[in-house]
Amino acid sequence: MSQLYLIALLLIAVIAANIINPFIPRVPEALVLIAVGGLFTFIPVFQNFTLNPEFFLFLIIAPLMFQEGQGISFTTMKKNFNAIIQLSVILALFVVAIVALITDKIQSEWPLTLAIALAAIVVPTDAVAVNSMTTGLKVPKGLDHSLELESLFNDATGIVLLDLALTVYQQGSFNLVDGVTHFILVALGGLVVGALASGLIVALRLYLSFHASSAQATTIPLNILTPFAIYLLAKHMGVSGILAVVAAGIVHNYEQSRLQLIATESRVVSGTIWQTLTTLLNGIVFVILGLSLPKILKLIGDFGFEKSFGLFGLALIIYIAMFVGRFLWVSYQKQERLTGFFGRHGTKDRAKRAQIFGVAGVHGAVTLALAMSLPKTVNGQPLPFANEILLVATLVILISLIIAALVLPRILDEEEQVYTESELNHARTAMIDSAIIKVEQRVRNHAVKTAIVQTLQTQKLTVAQPKKSHHEEETLLLLNRVSDDLQERLDEMIGEGYDQDVIERYSRFLQRALLSPATSRHPLARTKQKLHRWRHEFSWHFKTRTFTKKQRIRYQERLMVNNPKVAAKVAQWKDGREAMLRLNEDMQHAADRFLTAALEEELAAHENTENVADVRRLLERFFRIVAHDYRKEHVSVNASEYIQAFADEYSFLSTQLAAGKVKSAVANELYTEINQAQTLLLMEQGSETES
């Protein structure tokens, strides 16, 4: 049960950090997550927190690498194969060599193999952490892609090198041929196992999509479990589990690109699940780093000031060495194939990109997992300097995060806004209102029309928009105007054959109920009205001794038989009610016409149209009261009506885009919103039909 509490609290920590982060936008999300993790160490369940590294790699790193692999297409892999080898292998080995030599010189009492182990631990980079720090900043085109490709594959390089270093330390000797062979077999073996196993899983998912009784219930869980199964299979076969899940992700990307319109609903759902899952897992990584801080502080206390200061100096020197190594590697890189990533050799652009590339070599999740995965004993003896390596690795992570958080905003330009939020909101409102006008003109059934309009109105809630200070005044003005139009229409109906008494009653009700709607009354007044109604109903039930529906029906039947005057009044009331309902229906159609005209006028004048939506809601409430229909019944709307409404939005956007009245970026954003809204609505309608 404690493990369940642990997972739940980790998720709460991520949620808390996401709530806090908007209030301190200048602080990178990764640092906020670390701070929240540090605060959570005061919770008893997190005290003396220890991390199982294999569990960490399996449960967190494997799915993250799988999802990152799904973002890399086979075409991209083929096109950038040379760059991947350069970034993830050659550069990684270059950095490992520099760090190992420096560590060996400074910590001369350490065996060279442990210096190499430390270098292997700190070589993996974390592109996710970099992305959180560059939000709103303009990373040079191509450079961000190089950071992602490097991060995707150099994790495996670090893992294999660490395994190799520990194996040499255990055996006490090193054979170059055996070492290179081991490296190639583990790396290539992981890629092959991941690709083959993923291909089989893809084939199984495709088969189940057509033959399973519930395709979603089988294919989606199978997709979620894929990285875990492939990681375990690769580890069992003695090859790189990380590279295996990366290869699996790439194969899944290839499958999706070839089968784009097969099992669309399953793909939409699984894509949403993966997006949410990776966001949470990325957050958990840095929360765990924060939870590990007390252990690091304890190590500092155990080592004493002098030794801890020396290890901090080593961590700082290692970071500087890695920065210099990355900077020089990019600066003097002359391969034409890498020009798209780093710019032309010998230019100012190349120098700036080299500087950014050096600072963006941030370390995170994999480095932490590898540092904590060091064995406690080797050949029956405690592994020497394991705690020192753990402390140095953690300090390198923190130093890289802090320096990147401070330096990147200063060397990167702010990202230019293609469009402002107000432009997007204005275009969205105009698009929705134009579709509402089309619906008003096309649909005759008032209930169906209202349901579609209310659904379209919810698209405006995509982004919360503050109401103008004079919004209520505009709503009241429009309400008075519509009320006057309805009153004029009532006057016209007298000459069209409607009973004058019915119209006069409706007119009084219109003035009393619409111009002072319950929504504008004071809350205490509404509460007093409810209490009065409840007291009246209780008194009536107690007096007539009718507490159930059958008792009320029997009482009414006896009353009708025993009191002819009451029976006559009821018959007259029923006739009047039918006339009132017919009149109410005609007034609904008249109100729709008036509101459509008002909406067209405000659109033409580029005014805020929220007052039209507010008046529409007040009118709907009034019409329901007249019809004595206080409970809003479910209205069945054909999917074709919604599709046509969304098509109206598409048409409006296309026209505005062609006329140059809407920016292409705004149109693309709104096209995406329409697609998502349409997909969600059709999925909901499909589930309602099945049930």
Side-chain angles (χ1 to χ4, degrees), residues 433-457 475-520 569-603 609 611-638 641-642 644-645 648:
D433 290 337
S434 68
I436 289 174
I437 292 172
K438 295 288 186 182
V439 170
E440 297 279 13
Q441 295 171 345
R442 183 178 65 254
V443 180
R444 297 300 305 163
N445 186 296
H446 177 78
V448 172
K449 183 191 304 183
T450 301
I452 298 173
V453 168
Q454 289 176 348
T455 299
L456 294 178
Q457 285 286 353
T475 300
L476 288 175
L477 286 173
L478 180 59
L479 182 62
N480 281 314
R481 176 180 152 193
V482 172
S483 179
D484 291 342
D485 291 338
L486 292 176
Q487 187 62 57
E488 290 181 10
R489 177 60 186 145
L490 283 173
D491 295 339
E492 295 173 357
M493 286 180 172
I494 297 176
E496 297 176 5
Y498 277 93
D499 184 87
Q500 187 167 355
D501 291 339
V502 173
I503 289 181
E504 288 178 355
R505 286 197 346 247
Y506 194 96
S507 178
R508 288 195 298 271
F509 199 17
L510 178 69
Q511 295 299 318
R512 186 172 65 251
L514 185 60
L515 292 182
S516 56
T519 53
S520 65
K569 285 184 177 180
V570 170
Q572 183 180 7
W573 174 82
K574 284 185 176 180
D575 291 340
R577 183 174 184 276
E578 291 298 324
M580 185 69 74
L581 289 175
R582 289 195 300 272
L583 178 59
N584 192 52
E585 187 176 343
D586 288 342
M587 296 302 289
Q588 286 178 334
H589 292 300
D592 287 342
R593 292 194 300 273
F594 296 147
L595 285 176
T596 301
L599 190 58
E600 289 177 332
E601 290 175 7
E602 298 203 2
L603 270 179
T609 59
N611 57 328
V612 179
D614 289 344
V615 171
R616 191 187 302 278
R617 284 191 288 271
L618 292 174
L619 285 170
E620 283 304 312
R621 178 185 175 278
F622 168 73
F623 292 137
R624 286 200 305 272
I625 291 174
V626 173
H628 291 195
D629 180 18
Y630 297 101
R631 292 171 302 185
K632 187 177 178 182
E633 297 181 358
H634 175 72
V635 179
S636 179
V637 182
N638 290 331
E641 293 288 355
Y642 284 116
Q644 182 58 53
D648 292 335

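We're numbering straight along the sequence, starting at 1. All values reported here derive from a predicted model rather than from experimental measurement.
- R442 and A645 make their closest contact through NH2-N, 4.0 Å (heavy atoms, listed as atom of the first residue, atom of the second, distance).
- H589 and R444 make their closest contact through CE1-O, 3.2 Å (heavy atoms, listed as atom of the first residue, atom of the second, distance).
- Note that CG of L478 is 9.5 Å distant from CD of E601, once rounded to the nearest 0.5 Å.
- A heavy-atom distance below 4.5 Å is found between the side chains of M587 and L490.
- Taking CG from L486 and CZ from R593, the interatomic distance works out to 9.5 Å, rounded to the nearest 0.5 Å.
- Considering CG of L599 and CZ of R616, their distance stands at 7.0 Å, rounded to 0.5 Å.
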Checklist entry - side-chain contact (heavy atoms from CB on, under 4.5 Å) between V453 and E440: does it pass, once the steps are laid out? => result CA-CA 8 Å; V453 168; E440 297 279 13; 4.3 Å; yes
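- Taking 4.5 Å as the limit, some side-chain heavy atom of L619 sits within range of a side-chain heavy atom of L595.
- Summarising the geometry of V615 relative to L479, their closest heavy-atom pair is CG2-N, 3.9 Å, with the distance given to 0.1 Å.
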Item to check | Worked verdict on D592 versus Q588 for side chain to side chain donor-acceptor pair (under 3.5 Å) | outcome: CA-CA 6 Å; D592 287 342; Q588 286 178 334; over 6 Å; no
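- For the atom pair CZ of F622 and CG of N584, the computed distance is 6.5 Å after rounding to the nearest 0.5 Å.
- Between A435 and L456 the shortest heavy-atom distance is CB-CD1, 4.1 Å.
- Residues Y642 and A451 approach most closely at OH-O, 4.1 Å, considering heavy atoms.
- The pair E602-R481 fails the salt-bridge criterion, with no side-chain N (NZ, NE, NH1 or NH2) lying under 4.0 Å from an Asp/Glu carboxylate O.
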